[in-house]
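Note sheet for the following structure.
Chain naming here is simple, since letters A, B, ... match the order of the sequence lines and numbering starts at 1 in each. Values in this document were obtained by computation on a predicted structure and should not be read as measured data.
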Number of protein chains: 2
Amino acid sequence: MEYMARPAKPNGAVAERNPKRTRERILSAALQEFAANGFAGARVDAIARRAAINKRMLYHYFGDKEHLFREVLRRKIAERQASAESLSGDPAESLPFWFKLSCKDADWVRLLEWEALQEADNQLIDGNSRRALATRALGRIRQQQALGYLAGEFEPRHLLLAMRSLTMFPMAFPQLTRLIMGRPVSDPHFQKQHAEFLRKFAAAFQPAGNRRNKTNFEN
Amino acid sequence: MEYMARPAKPNGAVAERNPKRTRERILSAALQEFAANGFAGARVDAIARRAAINKRMLYHYFGDKEHLFREVLRRKIAERQASAESLSGDPAESLPFWFKLSCKDADWVRLLEWEALQEADNQLIDGNSRRALATRALGRIRQQQALGYLAGEFEPRHLLLAMRSLTMFPMAFPQLTRLIMGRPVSDPHFQKQHAEFLRKFAAAFQPAGNRRNKTNFEN
DNA sequence: CCATTAAGTAACCATCAAGTTACTTGGAAT
DNA sequence: ATTCCAAGTAACTTGATGGTTACTTAATGG
């Protein structure tokens, strides 16, 4: 059977071309879909519908579903690197800061979580730049220890892991958090309360001799 | 076309019946498959193959994929409740204990993670018994605070959330942990080191006036 | 010892979803 | 002006996958 010629636009609409916008729409729709459903759960058709583009374009720009996923992750990582650098060394500020950031960007936490669950035979996406980022973070901690703002009795690696744990966990496990706190993670009251807890709890990271003031308004 | 009669066992093997064992095999295979691939990623055929049973039996015993998933979670939760109760009140012991437990039972952490990512319009699986468990845990913390083993300056809820964060995070995000620690989470050396870190760090949860000895062999 | 039922089997099917085919067309470069 | 390619479209293919049909047979209670 011969392939039948079809008009590209059966309705009279003009097909304005805009490769940049199309790419952007796909990436943005893909971020939402992947964050919501993960790689296996995400539907290419759903991404296309969400982006209001033809599915074929997705393959045109990104090759296949997996490459699209990697690109989404890569972009999000790049986006986060900026805020990663601008960060006070004082844990009483940085812990609440990181916690609030996780609250604001649930998609990010979810993406990392999906990545964690991906059967990890494959290598880390964007590994080099992330390794570099981690190295810089460790360097800052070492610096803060030397300045006496962070307890020197602990290894920087463990301190960093503990800080990440405390600030990301609630968003990563909303059901457990709700079980414990009695409120949904999305509740602003919970977020404020827990940020305040972290500010006080940050004393644990400070040298015993140099514990800062625990009241609300220091400086 | 008439349906053709087929022998149930074309090879001469005897079909020994064992409903209990069959159910058990399905649940065990499903636990592995769901922990590894999540609900969307899990394949019913893979579960059947793993369990070495006919796929039809899975539907016979559990109705459908989702009911099977819920049953797997329910059983794992029940299994964990036992170890949840047997736990010292001293954070210098309980933090490393919980951390090691997470390391040992990666499937559990992964299941919770998959559950967290499930689009949460549905209600919590086995909510009542889990709520009760959380309430008991909070009660123990309040008790320990009264006895002076835990800092009274923090709300029990926040303390519990912080403890869970510190002990579960590394297994939940192995890729981030590896990025920070330079070693895979599965590395026994890392696990020992971090357990030791948590033992020392537990001082953060103890009252300022009642900090325990930080050396390795107390008592 | 026989009827009934629960446990078991293999083949089948409908649907869904990733990826392709086979085209058309806007617009930049020659 | 005309060619050419990237951008765009709709229909199609193919394989996987959750679930079903249509049976057989071991075991158990009357």
Return yes if some donor-acceptor pair links the side-chain N/O of A:Thr135 with the main-chain N/O of A:Arg131 below 3.5 Å, else return no. yes

A:Phe62 has an atom CZ; how far is it from atom C1' of D:dA7, in whole Å? 14 Å

May I ask you to verify if any side-chain N or O of A:Thr22 is less than 4.0 angstrom from the OP1 or OP2 atom of D:dA7? no

Separation of atom CG in B:Asn37 from atom C1' in D:dA16, rounded to whole Å: 15 Å

Under the 3.5 Å rule, do the base of D:dG19 and the side chain of B:Lys65 count as making a donor-acceptor pair? no

Determine: side-chain N/O of B:Tyr61 to OP1/OP2 of C:dG8, distance under 4.0 Å, yes or no. yes

How close or far is atom P of D:dG19 from atom CD1 of B:Ile47, stated in whole angstroms? 11 Å

Among the nucleotides C:dG8, D:dG18, C:dA18, which one has an atom lying closest to any side-chain atom of B:Met57? C:dG8

Classify A:Ala42 by what it touches in the nucleic acid, base, sugar-phosphate, or nothing, heavy-atom distance under 4.0 Å. sugar-phosphate

Round to the nearest Å and state the distance from B:Ile53 atom CD1 to C:dG8 atom C1'. 10 Å

Looking at B:Leu95, is its backbone amide N or carbonyl O close enough to the side chain of B:Arg199 to form a donor-acceptor pair, meaning the two atoms are under 3.5 Å apart? no

Quick one: A:His67 NE2 to C:dG19 P, roughly how many Å, whole number? 11 Å

Take the angle between the ring planes of A:Phe173 and A:Phe169 and call it parallel below 30°, perpendicular above 60°, tilted in between. parallel

Give me the atom names and distance for the closest heavy-atom approach of A:Leu68 to A:Ile26. CD1-CG2, 4.0 Å

Do the side chains of B:Pro19 and B:Tyr61 get nearer than 4.5 Å, heavy atoms only? yes

Round to a whole Å and report the spacing from CG of B:Asp45 to P of D:dT17. 7 Å

Nearest whole Å is fine: how far is D:dT21 P from B:Arg56 CZ? 8 Å

Using the closest heavy atom to pick a nucleotide of DNA chain C for each, name whichever of B:Asn18 or B:Lys55 lands nearer the 5' end. B:Asn18

Would you say the side chain of B:Arg17 and the base of D:dT28 hold a donor-acceptor pair, judged only by whether the two atoms sit under 3.5 Å apart? no

Result for 5'-nearest mapping on DNA chain C, choosing between A:Gly63 and A:Arg43, is A:Arg43

Picking from D:dT9, D:dA7, D:dG18, which would you name as closest to the side chain of A:Asn54? D:dT9

Could you give the CZ-to-P distance, from B:Arg49 to D:dG18, as a whole number of Å? 11 Å

Candidates C:dG19, D:dA7, D:dG18 - which lies nearest the side chain of B:Tyr59: D:dG18

